[in-house]
**Student:** 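Okay, handing you the structure first.
Below, chains carry the letters A, B, ... as their sequence lines are ordered, and counting in each starts from 1. Computed from heavy atoms alone, side chains included, the values below leave out hydrogens, waters and symmetry copies.
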Number of protein chains: 2
Amino acid sequence: MAITIKDVARLAEVSPATVSRVIADHPKITPKTKRKVRLAMDELGYYPNFQARNLVAQKSKAIGVVMENSTTLAFQNPFFPEVLRGISVSAHQSQYGLYLSTSATEQEIYEEVVAMTQGKRVDGVILLYSKMDDKILDYLLANGVPFSVVGRPYTRPDAISYVDNDNIAIAKEVVDHLISLGHRDISFVGGASDFIVSSDRLSGYRQALAEAEIPFTPEYVVTQEAMEGQEQQAICKLMKQKKPPTAIVTHDDLVAYEVISYLEDLNIAVPADVSIVGFNNHTLSSHLKPPLSTVDISIFDLGLEAANLVLEKINDGNAAPRNIVVPATLIERASCQSL
Amino acid sequence: MAITIKDVARLAEVSPATVSRVIADHPKITPKTKRKVRLAMDELGYYPNFQARNLVAQKSKAIGVVMENSTTLAFQNPFFPEVLRGISVSAHQSQYGLYLSTSATEQEIYEEVVAMTQGKRVDGVILLYSKMDDKILDYLLANGVPFSVVGRPYTRPDAISYVDNDNIAIAKEVVDHLISLGHRDISFVGGASDFIVSSDRLSGYRQALAEAEIPFTPEYVVTQEAMEGQEQQAICKLMKQKKPPTAIVTHDDLVAYEVISYLEDLNIAVPADVSIVGFNNHTLSSHLKPPLSTVDISIFDLGLEAANLVLEKINDGNAAPRNIVVPATLIERASCQSL
DNA sequence: CTGAAAGCGCTTACAG
DNA sequence: CTGAAAGCGCTTACAG
């Protein structure tokens, strides 16, 4: 049996209530009593039982972190550990713990989120992704669960706290840059199209084209679904068109390098024949051949701010939803070249 | 206020005790009563409160996952998400949740682990790393906390459940392979030297040399500490020796590619001038130039088995410690060449 | 087969 | 300033 508050009370010759107050550092307890009690706690090696404490406090001091349990290449990137590091820093500061979803399918994740929030295992939730028609988000919203989203939510942005890059602007900036290099046939190899981040970047891409009066070519857009485990074929098809693109924007550095390898198989050189830009600024991207032009999306800050936002909601149920835009910066390296 | 067992009891016209038994699917409750109660639960949208349930059960149904909160390049690799995926699968199967450490410094992590185990926030712990003189491991061992380690523990291996590759054997195999290609001047660029995985691999390296009667050259060993943020200089120094190595074994694929980029800066080509082998079989390593020979260490399985092992300990305090060896396989690609 | 009661380890009005 | 009592939401012997 573990040491309880009663054991401490007995040794310190006070009531359990007093021990409890000492733990909470209640101002009205005599310094002398506090000393006595703390001595007893140390002597017995007392640690408060979270379950009991949280049961009466009606909170858990934990945040649920919900991720897509996907295995795609994009998820091999350092996004996850890095965003978690940001979340950790904020949570740790506020003495909150992190509770991770373990489910694999969407339905299971949904059930897990319902159980962890209803069962008071967590006080709030961070959604590490944002996609269309997400029933998990709908549930959180409908049930007044404090939560925040990494990414712009598909619905009711005014009612939801979220952190995001300005994906439309940064994608436009990337494409503008390529256009300024003389490219007009620019391909967009994006993530899953039901993710908001993908559709936002596609919007930015189209805006840039429109402004430059370059017609939009649907054949230049390759979605995750289109690749569907057949990445190489998809790239092959893209490049075998009558008018192949001279530049490619991809949604992730690792994907960019994968694409580059397929291009090499087709005897297409980067950047000589095709320019390419990635996203996420992977640590390796400056070391590899070619050094990759990419977008630094401030992953750490995305996590940090997402945690700050849920915490804000948890601490004040009436806190107005806020959204935070975290900088995204185009880093030019040698994978792009003017035409 | 959330729906409690009492509300369900009232609606179903039974006692709270009965509702509790229905939740536990107690065999002695009439099917008719069960039906009635379940109907009431559905109608009210009842979810059991974990805190209360765990308080009386004296368990938490959660596993603490403790990681080094390091930011080094090696931790940018997919090890973390992948090992977590393995852990998740096992934990989810047993209906356990995952609780993550959020601390940054060793001392803070220690305190966090003590608090989460003593405070019954978790029933057991998985240590995602194994290093020398680890007070966290000492604490877990001394206090009878159920735990498992990813990696061979520095002490009392017979008393501890752990998963590991046979790092000595696989490192030896890698070096044997290089020797069979005619290399004799082989460098070892390892991780932090207080990590068991590093020292084990170094042992395997030395064994292979010894068997081939190649003298051990201390200058060929570059530790994490030696690099200390000055990776490029360290590699420079390594290659500027009177007799530079013709082959390099690194502890991680990303590090390998970083090294390759420094070699290129020195006008040393891989594999023409120097052969190189990595570890961890990063998804990208088959796509990059050169495709990297590497060791697949079955990261997913490391996580899966580590979770199985803690769970075993949690479910049976007297379960004998076990250790599981997970396969490590050398994958030959184009980054090695015979001399 | 089901209920009343005690208890898990804490906190917090309410007294004094 | 401190204690006795009630209660957080559940489970589980103990009766019947």
**Student:** Would you kindly give the CZ-to-P distance between R35(B) and dT2(C), to the nearest whole Å?
**Tutor:** 12 Å
**Student:** To the nearest angstrom, how far is N54(B) atom CG from dG9(C) atom C1'?
**Tutor:**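 So the two atoms are 13 Å apart, to the nearest Å.
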**Student:** Decide yes or no for L137(B) and I160(B): does some side-chain heavy atom of the first lie under 4.5 Å from some side-chain heavy atom of the second?
**Tutor:**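 The answer is yes, as the side chains (C-beta and beyond) meet within the 4.5 Å cut-off.
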**Student:** Can you find a side chain N or O atom of T4(B) that sits less than 4.0 Å from OP1 or OP2 on dG9(D)?
**Tutor:** no
**Student:** Picking from dC1(C), dT12(D), dG3(D), which would you name as closest to the side chain of T30(B)?
**Tutor:**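 Taking heavy atoms from C-beta onward, the closest nucleotide is dC1(C).
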**Student:** Ignoring hydrogens and angles, state whether a donor on the side chain of Y162(B) or E305(B) is under 3.5 Å from an acceptor on the partner side chain.
**Tutor:** no
**Student:** Check the pair E112(A), T102(A) against side-chain hydrogen bond (donor to acceptor under 3.5 Å, both in side chains), reporting the backbone distance first and the verdict last.
**Tutor:** CA-CA 8 Å; E112(A) 194 177 3; T102(A) 63; 3.3 Å; yes
**Student:** In whole angstrom, what separates L55(A)'s CG from dC10(C)'s P?
**Tutor:**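 That distance rounds to 12 Å.
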**Student:** Is S20(B) close enough to dT12(D) that one of its side-chain N or O atoms is under 4.0 Å from OP1 or OP2 there?
**Tutor:** no
**Student:** Check this one for me: any side-chain N or O of Q58(A) less than 4.0 Å away from OP1 or OP2 of dG9(D)?
**Tutor:** yes
**Student:** H26(B) or A52(B): which one's nearest nucleotide on DNA chain C is closer to the 5' end?
**Tutor:** H26(B)
**Student:** Pair D25(A), R38(A) - check salt bridge (Lys or Arg N to Asp or Glu O under 4.0 Å), show working.
**Tutor:** CA-CA 11 Å; D25(A) 205 11; R38(A) 288 195 176 122; 3.2 Å; yes
**Student:** Go through dT12(C), dC14(D), dT11(C) for me and flag the one nearest to the R21(B) side chain.
**Tutor:** dC14(D)
**Student:** For a quick check under 3.5 Å, do Y154(A) and D138(A) share a side-chain donor-acceptor pair by atom type?
**Tutor:**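 Distance-only check passes for Y154(A) and D138(A).
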**Student:** Can you tell me the distance, in whole Å, between the NZ atom of K59(A) and the C1' atom of dT12(C)?
**Tutor:** 13 Å
**Student:** Over how many whole Å does the gap from I3(A) atom CD1 to dC8(C) atom P extend?
**Tutor:** 14 Å
**Student:** Taking D7(B) first and then R10(B), would you say they form a salt bridge - that is, a charged N and a carboxylate O separated by under 4.0 Å?
**Tutor:** yes
**Student:** Salt-bridge test for K131(B) and E68(B): reply yes if a basic N is under 4.0 Å from a carboxylate O, no otherwise.
**Tutor:**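 The answer is yes: the pair qualifies as a salt bridge.
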**Student:** Under 4.0 Å: is that the gap between some side-chain N or O of T18(B) and OP1 or OP2 of dT2(C)?
**Tutor:**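 No, because none of the side-chain N or O atoms of T18(B) sits under 4.0 Å from OP1 or OP2 of dT2(C).
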**Student:** Please report, rounded to the nearest Å, how far the P atom of dT12(D) is from the CD1 atom of I23(B).
**Tutor:** 11 Å
**Student:** If we only count heavy atoms from C-beta on, is the F147(B) to T117(B) side-chain gap below 4.5 Å?
**Tutor:**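 No, side chains not in contact.
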**Student:** Below 4.0 angstrom from OP1 or OP2 of dC1(C), is there any side-chain N or O of T33(B)?
**Tutor:** no
**Student:** Which is more 5' along DNA chain C, the nucleotide nearest I5(A) or the one nearest S15(B)? Just name the residue.
**Tutor:** S15(B)
**Student:** In this structure, how many angstroms lie between the P atom of dC1(D) and the CG atom of D25(A), rounded?
**Tutor:**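 Taking CG of D25(A) and P of dC1(D), I get 13 Å after rounding.
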**Student:** When we call it a touch if two heavy atoms are under 4.0 Å apart, what does V19(B) touch: a base, just sugar-phosphate, or nothing?
**Tutor:** nothing
**Student:** Please determine if a side-chain N or O atom of Y46(A) lies less than 4.0 Å away from the OP1 or OP2 oxygen of dC10(C).
**Tutor:** yes
**Student:** How close or far is atom C1' of dA15(D) from atom NZ of K28(B), stated in whole angstroms?
**Tutor:**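 Taking atom C1' of dA15(D) as the reference, NZ of K28(B) is at 13 Å.
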**Student:** Which range-with-range stems can be found for DNA chain D when each stem has 3 or more Watson-Crick or G-U pairs in a row and both distances sit under 3.5 Å?
**Tutor:** C:1-3 with D:14-16, C:5-12 with D:5-12, C:14-16 with D:1-3
